[in-house]
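Below is one structure, written out as structure tokens; the observations come after it.
Note that the structure is predicted; figures quoted are calculated from it, not measured. In listed order, ligands and their atoms are each counted from 1. Hydrogens, waters and symmetry mates are skipped; everything else that's a heavy atom, side chains included, is used.
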Amino acid sequence: MNRVCHDLLSHQDLLTRLDVEIGDGDHGFNISRGAEAVLEAAPQWRHLMDDAFLKALGECVLKHIGGASGALYGTLFLTWGKALNQGKSIDAAFYLGVESVERRGKSTVGDKTMLDVLVPFAAYWHFETKALGVDTWPIVQRLAETHCENTKNLLAQKGRAAYLGERSVGHIDPGACSCMLAMKAAMNGMMEMTNLEQSD
Ligand code: ADP
Ligand code: MG
């Protein structure tokens, strides 16, 4: 979690630039404010089970990340945690979380949003691999990078970028980028933890 937050903070300028191009320029600030709030609160969450951790994370994100992305990332974590609490497997619960983002945003894959990264990852995790282990981390990272990059070719249908119509083509979606960065950092963090365990 720390790794994800620090990585997002170090990319604030990139996220700002992408949102200046096709939005209102606040995505870098929104995500950084959320990352700082999570870093501050995270020590209190150390002993929580996964479902309670995701609930706390979702509430923190909802409170501190402004804009559409705060509501959508918050919905993702809250629904993921709730489904885990109801006994779903972690991959099935994540899939339900992503579906809740689709409902909340009234959008889906192809609309040039964070869902263009979230949906293929949720489908890969839930339908193809089930367990995310050492062998899947590089696949997930490539998947996230490719789908983020592909948002460049899409015409925005949702969010502020949709107002630009054809002019939104040729730019990466900022939310897809923050999502890709978070996923890559999470996988890098897991790789590091595994390497540390092996060298113990
Ligand atoms: P705002 O658009 O309110 O300024 P941000 O700039 O923080 O909020 O977040 C913008 C990102 O949120 C977009 O790049 C897109 O990925 C995502 N987004 C916006 N609206 C939607 C929507 N209806 N469905 C899914 N994602 C959306
Ligand atoms: Mg914005």
Side-chain angles (χ1 to χ4, degrees), residues 4-39 54 57-80 94-126 140-141 143-186:
V4 172
C5 291
H6 285 298
D7 209 69
L8 288 170
L9 283 168
S10 72
H11 286 94
Q12 177 169 354
D13 291 349
L14 169 67
L15 296 174
T16 300
R17 182 168 57 74
L18 295 177
D19 201 30
V20 164
E21 286 172 7
I22 57 167
D24 57 357
D26 63 354
H27 194 57
F29 175 75
N30 287 341
I31 292 293
S32 291
R33 204 171 53 177
E36 273 162 5
V38 168
L39 281 174
L54 286 166
L57 177 63
E59 284 167 354
C60 183
V61 159
L62 270 183
K63 190 167 159 198
H64 291 97
I65 304 188
S69 58
L72 295 167
Y73 278 129
T75 299
L76 172 66
F77 296 131
L78 288 179
T79 311
W80 185 8
F94 184 80
Y95 195 84
L96 290 170
V98 172
E99 283 184 333
S100 74
V101 174
E102 289 184 293
R103 275 195 304 278
R104 180 91 199 244
K106 297 189 178 58
S107 50
T108 189
V109 71
D111 287 345
K112 195 180 181 95
T113 70
M114 58 174 70
L115 285 162
D116 288 304
V117 172
L118 283 174
V119 171
F121 169 58
Y124 172 72
W125 192 6
H126 185 43
V140 170
Q141 291 188 321
L143 198 77
E145 272 171 359
T146 306
H147 286 282
C148 173
E149 190 65 31
N150 283 349
T151 62
K152 220 178 194 174
N153 306 319
L154 297 173
L155 182 79
Q157 309 284 352
K158 289 284 149 52
R160 292 179 200 279
Y163 298 121
L164 295 180
E166 288 288 342
R167 277 186 292 135
S168 67
V169 178
H171 304 274
I172 288 175
D173 175 66
C177 185
S178 61
C179 195
M180 177 275 285
L181 291 170
M183 280 166 51
K184 276 187 69 179

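Of all the heavy atoms of Asp19, the ones lying under 4.0 Å from any atom of ligand 1 belong exclusively to the side chain. When non-hydrogen atoms are compared, ligand 1 lies under 4.0 Å from the side chain of Leu72 (C-beta onward) but not from its backbone. By the criterion of a heavy-atom distance under 4.0 Å, both the backbone and the side chain of His27 are placed next to ligand 1.
For the pair Leu155 and Ser168, the minimum side-chain heavy-atom distance is below 4.5 Å. Looking at Asp173 and Asp116, their side chains never come closer than 4.5 Å, going by heavy atoms from C-beta outward. Here the side chains of Thr16 and Phe29 are not in contact, with every heavy-atom distance at 4.5 Å or above. His147 has its side chain out of reach of Leu118: every pair of non-hydrogen atoms, C-beta onward, lies at least 4.5 Å apart. Using a 4.5 Å heavy-atom threshold, the side chains of Ile65 and Arg33 count as separate. With a 4.5 Å cut-off on side-chain heavy atoms, Leu115 and Glu102 count as touching.
Of all protein heavy atoms, the one lying nearest to atom 7 (O) of ligand 1 is Ser69 OG, 2.6 Å. Among all non-hydrogen protein atoms, the one lying nearest atom 16 (O) of ligand 1 is Asp173 OD2, 2.6 Å. Of all protein heavy atoms, the one closest to atom 17 (C) of ligand 1 is Met114 CE, 4.0 Å.
Of all atoms in ligand 1, numbered sequentially from 1 with element shown, those under 4.0 Å from a heavy atom of Gly67 are 3 (O), 8 (O). Per-residue contacts place Asn30 under 4.0 angstrom from the following atoms of ligand 1 (heavy atoms of the residue considered): 5 (P), 7 (O). Close approach of ligand 1 to Asp26 (heavy-atom distance below 4.0 Å) involves ligand atoms 4 (O), 5 (P), 6 (O). Contact atoms of ligand 1 toward Asp24: 4 (O) (distance under 4.0 Å to a heavy atom of the residue).
Cys177 and Leu14 make their closest contact through SG-CD2, 3.8 Å (heavy atoms, listed as atom of the first residue, atom of the second, distance). A pairwise comparison of heavy atoms in Ala185 and Asp7 identifies CB-CB, 3.7 Å as the closest pair. Of all non-hydrogen atoms in Ile22 and Lys112, the two that sit nearest each other are CD1-CE, 3.8 Å. Residues Asp24 and Asp26 come closest through the heavy atom pair OD1-OD1, 2.6 Å.
Contact between Arg160 and ligand 1 is present, with at least one heavy atom of the residue lying under 4.0 Å from the ligand.
Evaluated by nearest non-hydrogen atom to atom 25 (C) of ligand 1, the leading choice among Ala71, Ser107, Gly105 is Ser107. The heavy atom nearest to atom 20 (N) of ligand 1, out of those in Gly159, Ala162, Gly23, Ala156, is found in Gly159. Residue Ala68 holds the heavy atom nearest to atom 19 (C) of ligand 1 of all those in Ala68, Gly28, Gly66.
Neighbouring protein atoms of the Mg ion (ligand 2) (N, O or S, distance under 2.8 Å, waters ignored): Asp19 OD2, Asp24 OD1, Asp26 OD1.
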Can I get a per-line list of side-chain donor-acceptor pairs under 3.5 Å for residues 73-80, giving both atom names and the distance, sequence neighbours left out?
unit_1: Tyr73; atom_1: OH; unit_2: Gly175; atom_2: O; d: 3.3
unit_1: Tyr73; atom_1: OH; unit_2: Ser178; atom_2: OG; d: 2.8
unit_1: Tyr73; atom_1: OH; unit_2: Cys179; atom_2: N; d: 3.2
unit_1: Thr75; atom_1: OG1; unit_2: Ala71; atom_2: O; d: 2.6
unit_1: Thr75; atom_1: OG1; unit_2: Arg104; atom_2: NH1; d: 3.3
unit_1: Thr79; atom_1: OG1; unit_2: Thr75; atom_2: O; d: 2.8
unit_1: Thr79; atom_1: OG1; unit_2: Ser100; atom_2: OG; d: 3.0
unit_1: Trp80; atom_1: NE1; unit_2: Ile90; atom_2: O; d: 3.3

Q: Let me see the working for Leu18 and His171 under side-chain contact (heavy atoms from CB on, under 4.5 Å), right down to the final yes or no.
A: CA-CA 7 Å; Leu18 295 177; His171 304 274; 6.0 Å; no
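The distance from the OG1 atom of Thr151 to the CE atom of Met180 is 9.0 Å, given to the nearest 0.5 Å.
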